[in-house]
Amino acid sequence: MKFRFNWLIFVRLNISQQQAVEYISGPCLVLAGAGSGKTRVIINKIAYLIQVKGYQPKHVVAVTFTNKAAREMKERIAQTLGRKEARGLKISTFHTLGLDIIRKEYKQIGIKSNFSLFDDNDQFSLLKALTEQWFDGDKDLINQLRHTISNWKNDLVDATIAMARAQTKKEQLFAHCYQLYEQQQKACGILDFDDLILLPTLLLQSNEQVREKWQNRVRYLLVDEYQDTNTSQYELIKLLVGYKAKFTVVGDDDQSIYSWRGARPQNLVLLNQDFPSLNVIKLEQNYRSSGRILKAANILIENNPHIFTKTLHSELGYGEPLNVISANNEEDEAEKVVNDLIGHRFATNSRYGDYAILYRGNHQSRLFEKILMQNRIPYKISGGTSFFSRIEIKDLMAYLRLLINLDDDNAFIRVVNTPKREIGPATLQKLGQLAEQKSLSLFKAAFDVQLTELLPPKRFESLHQFVNWFSQLSDNAQHDPMPVVDQLLHGIDYQSWLYETSPSPAAAQMRMKNVEQLTSWLDSMLKGDDIDEPMTLEQAVMRFTLRDMLERNESDEEEDAVQLMTLHASKGLEFPYVYLVGMAEGLLPHQASIDEDNIEEERRLAYVGITRAQQVLTFSYSTERKQYGDVSYLEPSRFLLELPQDDLNWNSKKQQTSEQRLEQGKSRLAMIKAQLAKAKAEL
DNA sequence: GGATTCCCAATTTTT
DNA sequence: TTGGGAATCC
């Protein structure tokens with residue numbers, strides 16, 4: 001029986017993949033080149049640990065960076081092992097793992113159980129309020145401060161240490177703000193994303209008993225995208241695995257493109273130093289791209305210094321040359337690319353969904369969208385305003401957060417006068433004064449006897465009506481939350497409020513639909529499903545903040561549409577036909593990176609883009625660029641010049657033979673006819 | 001619902 | 001300088 005299963009899992013693994021799966025006696029680093037089947041290795045290793053080596057699922061933990069990756073992995077392992085066998089297995093993001101530890105150990109950490117989780121926007125508005133007197137709402141400064149605090153937290157530096165280390169006036173002020181922020185966090189029971197890693201790390205560092213408990217729980221740890229870990233995440237990994245060091249990390253230093261967010265690819269070196277017995281296994285066979293594409297990628301990335309060298313090879317055939325489309329201006333570039341796409345699609349009878357257009361910055365999508373729209377080509381753009389930045393979702397989230405934690409002042413402020421309850425700035429200011437004076441949260445201060453002296457009877461009455469009603473709701477939410485959420489929405493008559501405040505009835509309807517989406521997610525998360533256990537309201541709301549919910553809209557995944565996205569967003573994906581646009585000095589590499597002499601990460605970005613392509617890769621650039629109103633001239637990207645020129649087909653248009661041109665003309669004619677027919681049909 | 005005006009960004013944003 | 005989004009007005 002065991003033998004049979006063994007055979008089943010390994011049938012599709014190559015030798016290095018198999019080595020990576022079977023090596024479980026000590027620390028293991030899998031250097032997984034692009035498209036080398038790293039997810040397959042992780043899935044198979046988990047199956048191997050459980051099925052062959054007798055690990056209990058609850059003792060195996062796998063961490064990823066994104067919810068999407070975690071979800072996919074859960075799904076695939078459930079398919080491999082069966083839902084029942086996979087039960088108890090912990091596959092989550094770093095942040096969700098941290099959140100789980102905090103929820104179980106909140107007493108040891110010294111925080112209350114019903115803390116609120118702040119996302120970036122909440123953090124921003126809190127910092128804005130705290131720094132009003134110095135920064136006067138200056139967005140730039142507040143964001144600088146936010147990044148500084150985030151970096152401090154990621155480097156395990158608390159406010160006291162930051163203060164002690166501060167040299168310049170500005171550093172001192174920032175450290176002081178950090179102190180204020182910490183105080184506010186404690187007073188209101190607020191955690192931010194960085195705390196989800198920081199707090200467990202500090203706890204495990206300082207508390208031996210808890211550390212042993214978790215080391216006993218996590219008997220085998222797998223980490224995906226290891227090159228993206230920051231200092232505190234690496235520290236957490238070390239604390240969880242302990243001296244036994246039973247772990248596998250999978251990563252690729254050539255695909256490290258998040259150093260600007262605190263990722264430390266140097267953690268690969270540290271791993272080598274911290275675990276001398278580290279077993280390094282390289283996955284160098286690529287199952288994705290043609291030989292030419294891979295050769296180009298290898299040659300490009302060789303210009304970067306390397307800790308571990310690896311060379312990808314492919315058995316998929318040499319493939320077509322790489323094309324370079326040059327254009328006079330950006331509009332011309334978009335047109336040429338879209339024309340090329342249309343022609344290629346007709347020639348090869350491909351789906352729109354087989355094409356991706358990748359670019360450095362979001363703003364570059366605009367022209368491509370315009371041209372695609374003009375040609376009536378369906379496209380899908382990833383990114384854009386997220387669901388959670390919509391007002392109605394923010395409102396509802398604030399209500400839900402306040403329901404869990406009445407001391408969440410940010411949520412209170414958002415909610416207290418939405419919809420209008422005659423509780424204006426003057427009332428809030430008085431309430432705020434009292435709260436500060438007595439070190440109470442706003443909600444608690446609303447019950448303070450002194451408030452009657454401060455507020456005119458009418459205002460006091462409106463405020464009291466609200467807090468009384470809401471604390472009743474909050475009590476009821478402890479037992480059976482879902483009816484309370486319905487009561488809440490009806491109680492505030494949110495639907496009417498939406499119709500009053502929306503620019504149009506259609507917009508109000510849209511907003512109401514979003515609200516329903518959120519409540520239906522909430523409902524299903526409270527109930528649980530065949531993969532996830534039922535959650536409490538607290539858990540569910542925090543998962544929302546972590547953007548981790550059960551996706552129920554599979555419908556739009558099936559759409560046949562050209563994919564537009566940034567190079568960053570493309571990591572981990574693959575497409576038969578890829579256009580890498582804006583290949584010009586100043587765009588890729590970006591000017592800021594040129595100025596900061598940080599070309600290597602830009603090169604990795606180009607490398608990520610190139611290795612997304614399976615069959616055909618086309619670059620494009622324009623020599624002219626409009627910026628801040630005037631025109632500047634651009635050189636083709638240095639990365640194009642670094643590529644093997646023999647495999648590059650510059651300006652494919654000009655080198656076309658007349659026959660090819662005739663062919664293309666014919667297909668374009670056919671296309672126009674088809675479009676005409678389609679337009680007629682639509683009419 | 002549509003028109004107008006004002007303000008902001010112009011590099012990437014896993015949680 | 002430009003263009004888009006939000007806010008504001010009719």
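Convention: sequence-line order gives letters A, B, ...; per-chain numbering from 1.
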side-chain N/O A:Thr93 vs B:dT14 OP1/OP2, d < 4.0 Å: no

For the residue pair A:Lys153 / A:Ser232, report whether a side-chain donor-acceptor contact shorter than 3.5 Å exists. no

Remember a base hit wins even if backbone is also touched, and classify A:Tyr258 as base, sugar-phosphate or nothing at under 4.0 Å, heavy atoms. base

Scan A:Arg547 against the nucleic acid and name what it touches under 4.0 Å (heavy atoms): base, sugar-phosphate only, or nothing. nothing

Do A:Tyr621 and A:Glu333 get their side chains close enough for a donor-acceptor pair, meaning under 3.5 Å? no

Euclidean distance, atom CD1 of residue A:Ile594 to atom P of B:dT12 [Å, nearest integer]: 16 Å

For B:dT14 and C:dG3, measure between their P atoms and round to the nearest Å. 27 Å

Given B:dT15, is OP1 or OP2 found less than 4.0 Å from the side-chain N or O atoms of A:Asn67? yes

Hey, is A:Trp260 doing a stacking thing with B:dT12, by the 5.5 Å centroid and 30° angle criteria? yes

Tell me: CG of A:Leu367 to C1' of C:dG3, nearest whole Å? 11 Å

What nucleotide among B:dT14, B:dT13, B:dT15 has an atom nearest to a side-chain atom of A:Thr566? B:dT13

Contacts of A:Gln144 that satisfy side chain to side chain donor-acceptor pair (under 3.5 Å) - sequence neighbours left out: A:Lys170

Does A:Lys128 pair with A:Asp136 as a salt bridge, N-O distance under 4.0 Å? no

For A:Asp194, answer base if it contacts any base atom (sugar-phosphate contacts may also be present), sugar-phosphate if it contacts only those atoms, and nothing otherwise; contact means non-hydrogen atoms under 4.0 Å. nothing

Taking atom C1' of B:dT11 as reference, at what distance in whole Å does atom CG of A:Leu358 sit? 16 Å

Is any side-chain N or O of A:Asn230 closer than 4.0 Å to OP1 or OP2 of B:dT14? no

Quick one: A:Met373 CE to C:dG4 C1', roughly how many Å, whole number? 13 Å

Under the salt bridge (Lys or Arg N to Asp or Glu O under 4.0 Å) test against A:Glu331, which residue among A:Lys370, A:Arg366, A:Lys626 passes? A:Lys370

Sticking with atom C1', work out how far C:dA6 lies from B:dT11, rounded to a whole angstrom. 23 Å

If you check every side-chain atom of A:Arg366, which of B:dT15, C:dG4, B:dT11 has the closest atom? C:dG4

Residue met sooner reading DNA chain C from 5', once A:Ile391 and A:Lys626 are mapped to nucleotides: A:Lys626

From CG of A:Asn143 over to P of B:dT11, roughly how many Å is that when rounded to an integer? 15 Å

Check the distance between B:dT15's C1' and A:Leu97's CG and give it to me in whole angstrom. 13 Å

Over 12 foreign heavy atoms within 6.0 Å of NZ, A:Lys112: yes

Candidate nucleotides B:dT11, B:dT15, B:dT14, ranked by approach to the side chain of A:Arg360 - the nearest: B:dT11

What integer distance in Å separates A:Asn154:CG from B:dT14:C1'? 13 Å

Heavy-atom side-chain proximity of A:Pro200 to A:Leu236 below 4.5 angstrom: yes

Would A:Arg261 and A:Asp228 pass as an ion pair if we require N to O under 4.0 Å? no

Of all the nucleotides listed (B:dT15, B:dT13, B:dT14), which has the minimum atom distance to the side chain of A:Leu546? B:dT15

Could you give the CD-to-C1' distance, from A:Gln233 to B:dT14, as a whole number of Å? 10 Å

Starting at the 5' end of nucleotides 1-10 of chain B, put B wherever the base has a protein heavy atom under 4.0 Å, S where only the sugar-phosphate does, and a dash everywhere else. B-------SB

